[in-house]
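Proteins come first, then strands; the chains are lettered A, B, ... in the order of their sequence lines, and each starts at number 1. Since the structure is predicted, the reported quantities are computational estimates derived from the model, not experimental observations.
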Number of protein chains: 2
Amino acid sequence: MRAKRLDRANCCAVEATLSVIGGVWKPMIVYHLLEGRKRFMELTRLIPSATQRMITLQLREMEADGLLNRHVYAEVPPKVEYELTEFGASLAPVLKTLHQWGERYQRERYGTEPSLGCKRVAD
Amino acid sequence: MRAKRLDRANCCAVEATLSVIGGVWKPMIVYHLLEGRKRFMELTRLIPSATQRMITLQLREMEADGLLNRHVYAEVPPKVEYELTEFGASLAPVLKTLHQWGERYQRERYGTEPSLGCKRVAD
DNA sequence: ACCGTTACTATCATTCTTGTTGGTATGGAA
DNA sequence: TTCCATACCAACAAGAATGATAGTAACGGT
């Protein structure tokens, strides 16, 4: 990823995309948010392999990239919801492409059957 | 990328693909090899921002993933050529998809014109 | 009165990734 | 004869990403 010293504006467009959805969690976050807006805690429960800290950091970056909006409710305990923008939702076909190639890779290299649970992406 | 502790065989297919072409250099290597087989030194000159060490490491991983073949000539000074497999070449449409989304991202977020030099991917 | 809940932030420790440097063998050029 | 070129590898250093842990405020439930 090395997002730090990458010039997103002028690098190759392929790199730009990878800097936006590369990594392990951003695709998962997008995937879950394609279902609808979700609270922070919901996301952490949907992605138990990620720490809260990571989810927070990824959400911040995605917000800065215009992929999602943050809806803060002035309540206690706090309530914050995240929702994909139209732009963020436009990643769906990109994820689909990545998913299809990945399935071929897993089949040819490992003889693995595609894992379930990515229905929104696979369709 | 954190390739280390990722189970490529059983993880989500999206992750699998990202583990194979994620990062800054693998897409560039694939891109240049789509033009035809190339020697090691050619690649380092085509991708001057990467150190030789990185190119070597990336090539090794890509070979292990079945994306390319290594042709070693028993000569001195050494001569080694790298060539995409059919499987590796099947990444072209994936790169294209990433490239197209990246262009939109750069246009909408930064008003940047698409950078030249990715013709083989852009078509 | 006490505890759990939420959506974080801040700090440190650990692990991963990348860079830097130096070395190798030998044939051909200068 | 000395130097360069090639395709690396090994060792160490620096830098970046991630994990673990603790803390916050105020409300509802027991």
Side-chain angles (χ1 to χ4, degrees), chain A residues 1-8 11 15 18-29 32-33 36-65 68-83, chain B residues 1-8 11 15 18-29 32-33 36-65 68-83:
Chain A
M1 275 273 90
R2 203 191 32 262
K4 272 294 170 54
R5 63 190 122 160
L6 185 69
D7 177 5
R8 286 153 126 86
C11 63
E15 296 313 318
L18 288 173
S19 83
V20 169
I21 44 154
V24 187
W25 296 294
K26 283 180 183 174
M28 296 179 110
I29 293 173
H32 289 296
L33 290 183
R37 61 154 76 180
K38 296 220 181 301
R39 294 184 64 168
F40 178 79
M41 267 295 140
E42 279 184 274
L43 286 172
T44 68
R45 278 190 280 263
L46 288 166
I47 311 173
S49 56
T51 60
Q52 290 193 356
R53 181 172 174 280
M54 272 302 109
I55 306 243
T56 302
L57 292 176
Q58 304 304 110
L59 287 171
R60 289 281 171 286
E61 289 185 20
M62 294 167 76
E63 196 191 353
D65 279 329
L68 49 82
N69 290 128
R70 217 168 147 246
H71 303 280
V72 186
Y73 297 75
E75 298 176 6
V76 170
K79 178 175 177 184
V80 178
E81 286 184 339
Y82 292 93
E83 179 184 38
Chain B
M1 272 283 89
R2 203 197 25 264
K4 275 290 170 57
R5 62 190 122 160
L6 185 68
D7 178 4
R8 287 151 125 86
C11 63
E15 297 312 320
L18 289 173
S19 83
V20 169
I21 44 155
V24 187
W25 294 295
K26 283 180 183 171
M28 297 178 111
I29 292 173
H32 289 297
L33 289 183
R37 62 153 74 179
K38 297 217 181 302
R39 295 184 65 169
F40 178 78
M41 266 297 141
E42 279 184 274
L43 287 172
T44 66
R45 278 190 279 265
L46 288 166
I47 312 172
S49 56
T51 61
Q52 291 192 357
R53 183 173 173 279
M54 271 303 109
I55 305 243
T56 303
L57 293 176
Q58 304 303 110
L59 287 171
R60 290 282 171 283
E61 289 185 20
M62 293 167 76
E63 196 190 353
D65 280 330
L68 48 81
N69 290 128
R70 214 165 149 250
H71 304 279
V72 185
Y73 296 74
E75 300 176 6
V76 170
K79 178 175 177 184
V80 179
E81 286 184 338
Y82 293 91
E83 179 183 39

- Query: Mind checking what makes side chain to side chain contact (heavy atoms under 4.5 Å, CB included) contact with B:Val72, not counting sequence neighbours?
  - Reply: B:Arg70, B:Val80
How long is the line joining [atom1] of [X] and [atom2] of [N], in whole Å?
{"X": "B:Leu43", "N": "D:dC8", "atom1": "CG", "atom2": "C1'", "answer": "14 Å"}
{"X": "A:Met54", "N": "D:dA17", "atom1": "CE", "atom2": "C1'", "answer": "7 Å"}
{"X": "B:Trp25", "N": "C:dG19", "atom1": "CH2", "atom2": "P", "answer": "4 Å"}
{"X": "A:Glu61", "N": "D:dT18", "atom1": "CD", "atom2": "C1'", "answer": "13 Å"}
{"X": "A:Phe40", "N": "C:dT5", "atom1": "CZ", "atom2": "C1'", "answer": "13 Å"}
{"X": "A:Leu6", "N": "D:dA17", "atom1": "CG", "atom2": "P", "answer": "11 Å"}
{"X": "B:Leu57", "N": "C:dG19", "atom1": "CG", "atom2": "P", "answer": "10 Å"}
{"X": "A:Lys38", "N": "C:dA7", "atom1": "NZ", "atom2": "C1'", "answer": "17 Å"}

Which distance, rounded to the nearest 0.5 Å, do you find between the [atom1] of [X] and the [atom2] of [Y]?
{"X": "A:Leu6", "Y": "A:Ser19", "atom1": "CG", "atom2": "OG", "value": "5.5 Å"}
{"X": "A:Tyr82", "Y": "A:Met62", "atom1": "OH", "atom2": "CE", "value": "10.5 Å"}
{"X": "B:Leu59", "Y": "B:Leu68", "atom1": "CG", "atom2": "CG", "value": "6.0 Å"}

- Query: How would you label the contact of B:Tyr73 with the nucleic acid (heavy atoms, under 4.0 Å): base, sugar-phosphate, or nothing?
  - Reply: nothing
- Task: Output yes when A:Lys26 and A:Glu61 qualify as a salt bridge under the 4.0 Å nitrogen-oxygen rule, no when they do not.
- Result: yes
- Is it true that the side chains of B:Tyr73 and B:Glu81 contain a donor and an acceptor less than 3.5 Å apart? yes
Name every donor-acceptor pair, under 3.5 Å, that has one atom in a side chain of residues 46-54 of chain A and the other anywhere in the protein, sequence neighbours excluded.
unit_1	atom_1	unit_2	atom_2	d
A:Thr51	OG1	A:Met54	N	3.3

- Message: When you measure from the side-chain N and O atoms of B:Arg60 to the phosphate of D:dC9, is any distance below 4.0 Å, counting only OP1 and OP2?
- Response: yes
- Judged by nearest nucleotide, the residue sitting upstream toward the 5' end of DNA chain D, A:Ser49 or B:Thr56, is B:Thr56
- Query: How far apart are the C-alpha atoms of A:Trp25 and A:Gln58, what are their side-chain angles, what is the distance that settles it, and do they pass the side-chain contact (heavy atoms from CB on, under 4.5 Å) test?
  - Reply: CA-CA 7 Å; A:Trp25 296 294; A:Gln58 304 304 110; 4.2 Å; yes
- Note on the structure: Contact string for nucleotides 21-30 of chain D, one letter per nucleotide 5' to 3', B = base within protein heavy-atom range under 4.0 Å, S = sugar-phosphate only, - = neither, reads -----BS---
- Sequence-distant partners of A:Glu83, salt bridge (charged side-chain N to carboxylate O under 4.0 Å, His left out), two or more places apart: A:Arg37
- Which nucleotide, D:dT6, C:dG19, D:dA7, lies nearest any side-chain atom of B:Arg45? D:dT6
- Task: Report the nucleotide, chosen from D:dC8, D:dT6, C:dG19, that has the shortest atom-to-atom distance to any side-chain atom of B:Val80.
- Result: D:dC8
- Query: Dot-bracket for DNA chain C, 5' to 3', with Watson-Crick and G-U pairs under 3.5 Å, [ ] for crossing pairs and | for other-strand pairs: what is it?
  - Reply: ||||||||||||||||||||||||||||||
